[in-house]
Amino acid sequence: MNLIQILSFSTSAAIITFILNQLAIAYKERGSKREKVKYQGLRLCLALERFSIECADSINNQSNYDASQGTAGAPFNAMPLLTLPEVEWQLFPLHIVNKVLSFENELRDANGAISFAIDLDLANEGTNEPSAQAGLCGYRAAQLASKIRSEYNLGRPESPPHGWDHIAFLKKRHDEKIRQFLPFSDSPQ
């Protein structure tokens with residue numbers, strides 16, 4: 001082999017080695033990013049699911065308070081707080097970021113609807129708007145968490161041993177509130 005062939009071979013080997021190293025680094029970073037997105041997605045799901053449970057608890061406590069004439073449970077007049085974890089939003093597709101961050105606006109609207117209903121309650125007989133809004137938003141939070149879990153293959157949430165299906169409980173209230181928004185199909189024209 002002459003010097004030019006040796007240099008050519010060495011250069012080719014160096015380029016191939018460089019390309020293979022870059023591919024290995026990119027593959028490793030891609031796997032690391034995927035795990036990071038899954039971890040942060042799981043944190044988002046848990047926050048949304050926790051909010052959903054708090055909504056169901058608030059409704060249940062209000063029902064107990066009303067049924068016992070104030071001797072059990074507790075009334076509420078605002079949505080539970082949703083505390084989103086710190087995540088790297090740019091890791092997620094825009095449609096997920098939009099849904100999660102827009103949900104905070106839905107909660108503001110729900111609190112506004114609750115405040116409005118309480119202000120209108122001049123007879124002081126109470127309003128069911130806090131429970132209706134908690135059912136609406138709590139169920140939507142559970143659905144959003146479910147969608148994120150599905151998209152990132154995060155599995156189902158761990159089921160508590162007590163067996164209370166808070167999502168079915170919220171869905172009933174969600175559906176009742178949604179029916180209020182639908183036009184009357186049986187109204188005379």
Rounded distance [0.5 Å steps], [atom1] in [X] versus [atom2] in [Y]:
X: N105; Y: F103; atom1: CG; atom2: CZ; value: 11.0 Å
X: L44; Y: E49; atom1: CG; atom2: CD; value: 10.5 Å
X: I53; Y: N60; atom1: CD1; atom2: CG; value: 13.0 Å
X: E129; Y: L136; atom1: CD; atom2: CG; value: 9.0 Å
X: K99; Y: E106; atom1: NZ; atom2: CD; value: 9.5 Å
X: Q180; Y: I178; atom1: CD; atom2: CD1; value: 9.0 Å

Return the set of residues passing side-chain contact (heavy atoms from CB on, under 4.5 Å) with [X] (not counting sequence neighbours), or none when no residue passes.
X: D165; value: I167, A168
X: R173; value: I59, F169, E176
X: I15; value: T11, I19

Minimum-distance pair of heavy atoms, taken over all atoms of [X] and [Y]:
X: M79; Y: C55; result: CE-SG, 3.9 Å
X: L154; Y: G41; result: CD1-C, 3.9 Å
X: A132; Y: K177; result: CB-CD, 3.8 Å

Given the rule that I, L, V, M, F, W and Y join up when any side-chain heavy atoms are under 4.5 Å apart, are [X] and [Y] in one cluster?
X: V97; Y: F51; answer: yes
X: Y39; Y: I96; answer: no
X: V37; Y: L144; answer: yes

*Hey, are the side chains of F92 and V100 touching, using non-hydrogen atoms and a 4.5 Å cut-off?*
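Heavy-atom side-chain distance check fails, nothing below 4.5 Å.
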If we ignore hydrogens and angles and just use 3.5 Å, is the side chain of [X] paired with the main-chain N or O of [Y] as donor and acceptor?
X: N111; Y: A78; value: no
X: S146; Y: A142; value: no
X: Q40; Y: E88; value: yes
X: S52; Y: Y139; value: no
X: Q62; Y: F76; value: yes

*Can you tell me if S102 and N98 form a side-chain donor-acceptor pair at under 3.5 Å?*
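Indeed, the side chains of S102 and N98 share at least one donor-acceptor pair under 3.5 Å.
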*Report, as yes or no, whether the 6.0 Å neighbourhood of atom CZ on R140 holds more than 12 heavy atoms from other residues, nucleotides or ligands.*
no
*Flag yes if more than 12 heavy atoms outside E104 fall under 6.0 Å of its CD atom; otherwise flag no.*
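Check passes, neighbour count above 12.
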*Test Q133 against every option in L107, D109, N128, I114 by the side-chain contact (heavy atoms from CB on, under 4.5 Å) rule and name the one that passes.*
I114
_Could you go through L42 and I148, starting from their C-alpha distance and side-chain angles, then the distance that decides it, and tell me whether this counts as side-chain contact (heavy atoms from CB on, under 4.5 Å)?_
CA-CA 8 Å; L42 182 59; I148 294 170; over 6 Å; no
*Run the salt-bridge test on K171 and D175 with the 4.0 Å N-O cut-off and return the result as yes or no.*
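Result for this pair is yes, salt bridge flagged.
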